[in-house]
Amino acid sequence: MASEKFIVLQFKKNRGQIVPGEMRQASNAVSAEKIAAAMAPRVIGVAAYSVMVDEETGDMASPRLISQHGETTDIAA
């Protein structure tokens, strides 16, 4: 069974590439947007996503971008 979760993902530069960094969970979409906006001035990029999480395996799928700030990469790729 899958459930919708909200995450905020920081991005950082690693050897000239933009790569995903620290991830934080948020309680809802509005909260995820607020966290991302608050982090934006301190990081190279940050994005808020809605993802479907498989309750049994913990696997995340179907990321849907809610908001983004700065330089980010496509996490679905």
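- Taking CG of Leu65 as the reference point, atom OG1 of Thr72 lies at 7.0 Å (rounded to 0.5 Å).
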Name each donor-acceptor pair under 3.5 Å that joins a side chain in residues 45-57 to protein atoms two or more places apart or in another chain, with its distance.
residue	atom	partner	partner atom	Å
Ser50	OG	Glu4	OE2	2.6
Asp54	OD1	Glu56	N	2.8
Asp54	OD1	Thr57	N	3.1
Glu55	OE2	Ser3	OG	2.3
Thr57	OG1	Asp59	N	3.2
Thr57	OG1	Asp59	OD2	3.3

Could you give me the CA-CA distance, side-chain angles and deciding distance for Ile66 and Phe6, then say whether side chain to side chain contact (heavy atoms under 4.5 Å, CB included) is met?
CA-CA 9 Å; Ile66 298 169; Phe6 300 93; 3.8 Å; yes
Show me the side-chain donor-acceptor pairs of residues 23-44 shorter than 3.5 Å, one per line, residues at least two apart or across chains.
residue	atom	partner	partner atom	Å
Asn28	OD1	Val30	N	3.2
Asn28	OD1	Ser31	N	2.7
Arg42	NH1	Ala38	O	3.2

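- Between Ile75 and Leu9 there is a side-chain heavy-atom pair separated by less than 4.5 Å.
- Remark: Phe11 CZ to Gln68 CD distance equals 8.0 Å, nearest 0.5 Å.
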